[in-house]
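Protein chains get the first letters and strands the later ones, always in sequence-line order, with residue 1 at the start of each.
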Protein chains: 2
Amino acid sequence: MASITRRPAADPSRRAAVEADVLAATERLLAAGATYTELGVQRIAAEAGVARSTFYLYFRDKTELLLRLAAQLGDVSFSLVGGWSPTEPAALDELAASLLRVIRFYRDRRHVLAAVLEVAGYDRTIGEFWEEQLGMFIDRAHELLVAEQAAGRAPADLNAPTASRVMIWGGMRVIADHVVNRPADEDASVAREIAANEWFGAFRRPAA
Amino acid sequence: MASITRRPAADPSRRAAVEADVLAATERLLAAGATYTELGVQRIAAEAGVARSTFYLYFRDKTELLLRLAAQLGDVSFSLVGGWSPTEPAALDELAASLLRVIRFYRDRRHVLAAVLEVAGYDRTIGEFWEEQLGMFIDRAHELLVAEQAAGRAPADLNAPTASRVMIWGGMRVIADHVVNRPADEDASVAREIAANEWFGAFRRPAA
DNA sequence: TTTCTGCCGGACAACGTGTCCGACAACATG
DNA sequence: CATGTTGTCGGACACGTTGTCCGGCAGAAA
């Protein structure tokens, strides 16, 4: 029970510091090649220089740790492309530039990204988290596609909901793989390719 | 040690029958909503009407079970699209038709597909298996794209390797999700959308 | 010095995997 | 019928993981 007559001795920042240590330790272990699934709390705590039982004073469980690691993963990257709109004549170039920013952002956090994708497959909480992140992109793509169709610039028979999912899922998956397994000097090339695919495959797809 | 002076009493088909029982039981449990990860050998053996220790007489471990469940997943589906080639004028329609066949094939086996995707995230063996399956598709797409570029029908500045990965990963992911979460009456529409996306986004992408 | 706080370290129960082994029933063979 | 072989059972085992709990200790505030 907390004392009322006396200010808690807890350093205001101490708690945050330990938390940051644990997060950093986890990233370090992931970067060293560990799979999040095979990474035990024991190992994480040791790397962070903390008792295993202490870990549970800071995180309810491994899922919450991953959730916190991944916190801004989607939000930030969304802000990097959310502003794009299909306005000629520079739309394609701008889309490629936006995607390049996203790729670079993810490259910095590629191990966390890989962990999220890995765990999303069997953990409901992480799965829903990632679905939600992708949802932002999908909704935005859908919105833009519908508008383009209304303006007659995208074909009316394009299936906007499906096209959105194809674009985002495909794009994300490729970016994730690229960023984990391929060198940074191909980033721009991949960004251009994805952009062109989305542009001519959906936004400016010729009428069937 | 097996007796030599005497023919083994083992029914020729009994072993195969038990194996089939286990495979069927697993599919049943997956279809009932279980996650492959959370599905214990205990549970599978019970459902198959076999002792847990007997399971290990038939399968080295859970991974081998999944591998056997997934055996033809890729090969068969590849045979459904492997024959397609971008020959005008019916190429787009034929691509959509091929993809529809793939979608229907996967729909029948959607729970196994979901399990493979789930486990591929953290199990090396399954991951490599799936990568190999996708590799067939990617290689084929790449081959076709390069030929189309050589013939001047696809733009020379298209990045064939990346475009292949975008197409296949995106397509597979969307198909997998569609087949697991959406009704069968949208199958044709999804097939058409993916086909159009690949056709106009890569094979017949306008020159930049 | 006293009192409170937070962390340690270790034990615990529950569960899962893969291995091993003795028991037993079915069955072909002599 | 007696016998030996085979395959399965069922349970124990070692090992590793997760998340909880609690006694004890060190250090800082009063």
Side-chain angles (χ1 to χ4, degrees), chain A residues 1-23 25-26 29-30 34-68 115 118-119 122-126, chain B residues 1-22 25-26 29-30 34-68 115 118-119 121-126:
Chain A
M1 183 196 308
S3 164
I4 303 183
T5 62
R6 187 149 139 209
R7 171 162 98 257
D11 319 41
S13 61
R14 165 120 185 96
R15 188 171 177 85
V18 173
E19 202 174 297
D21 281 351
V22 173
L23 293 175
T26 307
L29 291 169
L30 288 175
T35 290
Y36 191 76
T37 304
E38 76 192 21
L39 197 58
V41 172
Q42 178 70 266
R43 189 82 198 291
I44 294 171
E47 176 76 18
V50 137
R52 194 176 75 90
S53 59
T54 301
F55 172 92
Y56 288 100
L57 295 177
Y58 287 83
F59 303 91
R60 193 175 330 137
D61 48 35
K62 259 178 85 183
T63 295
E64 190 184 314
L65 168 61
L66 183 53
L67 227 35
R68 245 188 266 183
E118 170 197 328
V119 178
Y122 62 91
D123 181 291
R124 261 219 152 54
T125 306
I126 302 293
Chain B
M1 183 199 307
S3 165
I4 303 184
T5 63
R6 186 149 143 211
R7 172 162 96 257
D11 320 42
S13 60
R14 164 123 185 94
R15 189 172 176 84
V18 172
E19 203 174 298
D21 281 352
V22 173
T26 308
L29 290 168
L30 288 175
T35 291
Y36 191 76
T37 304
E38 76 190 21
L39 197 57
V41 172
Q42 179 68 267
R43 190 81 196 291
I44 293 171
E47 176 75 19
V50 137
R52 192 175 77 92
S53 58
T54 301
F55 172 91
Y56 289 100
L57 295 177
Y58 286 85
F59 304 90
R60 194 174 328 134
D61 49 33
K62 258 178 85 182
T63 296
E64 190 185 314
L65 168 62
L66 183 52
L67 228 34
R68 246 188 266 182
E118 170 198 329
V119 178
Y122 62 90
D123 181 290
R124 263 218 153 56
T125 305
I126 301 293

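Rounded to whole Å, atom P of D:dT6 lies 14 Å from atom CZ of B:Arg15. Atom OH of B:Tyr122 and atom C1' of C:dT17 are 12 Å apart (whole Å). The distance between atom CG of A:Asp21 and atom P of C:dC8, rounded to the nearest whole Å, is 11 Å. The distance from atom CZ of B:Arg60 to atom P of C:dC20 is 14 Å, rounded to the nearest whole Å. Nucleotide D:dT17 holds its P atom 11 Å from the OH atom of A:Tyr56, rounded to whole Å. A:Asp61 places its CG atom 8 Å from the P atom of D:dT20, with the value rounded to the nearest Å. Here C:dT19 presents its P atom at 16 Å from CD of B:Gln42, a figure rounded to the nearest Å. Distance, A:Leu39 CG to D:dT18 C1': 14 Å, rounded to whole Å.
The two residues B:Ala48 and B:Asp21 make their nearest non-hydrogen contact at CB-O, 4.0 Å. Here the closest non-hydrogen pair linking B:Ala34 and B:Leu39 is CB-CD1, 3.8 Å. Taking each heavy atom of A:Arg68 and A:Leu23 in turn, the nearest pair found is CB-CD2, 4.4 Å.
The main-chain N or O of A:Lys62 is found under 3.5 Å from a side-chain atom of A:Tyr36 such that the two form a donor-acceptor pair.
Annotation: side chain to side chain donor-acceptor pair (under 3.5 Å) contacts involving residues 41-59 of chain A, sequence neighbours excluded, comprise A:Arg28-A:Glu47.
Take B:Asp61 and apply the side chain to side chain contact (heavy atoms under 4.5 Å, CB included) test, not counting sequence neighbours, and it matches B:Thr63, B:Glu64.
Contacts of residues 46-55 of chain B with DNA chain D (heavy atom under 4.0 Å): B:Gly49, B:Val50, B:Ala51, B:Arg52, B:Ser53, B:Thr54.
One finds the OG1 atom of A:Thr26 at 7.0 Å from the CZ atom of A:Phe55 (value rounded to the nearest 0.5 Å). Between B:Glu118 atom CD and B:Thr37 atom OG1 the span is 3.5 Å, to the nearest 0.5 Å. If you take OG1 on B:Thr35 and CG on B:Leu29, they are separated by 11.5 Å, rounding to the nearest 0.5 Å.
A heavy-atom distance below 4.5 Å is not found between the side chains of B:Leu67 and B:Phe59.
When the local axes at the two ends of the helix from C:dT1-D:dA30 to C:dG30-D:dC1 are compared, using 5 base pairs at each end, they differ in direction by 10° after rounding to 10°.
Residue contacts shown for A:Tyr58 are limited to sugar-phosphate atoms, with no base heavy atom under 4.0 Å away.
Partner of B:Ile44 under the side-chain contact (heavy atoms from CB on, under 4.5 Å) criterion, out of B:Leu65, B:Val50, B:Leu30: B:Leu65 alone.
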Which atom pairs link the protein and nucleotides 23-26 of chain D when you take only N or O atoms and keep those under 3.5 Å?
none

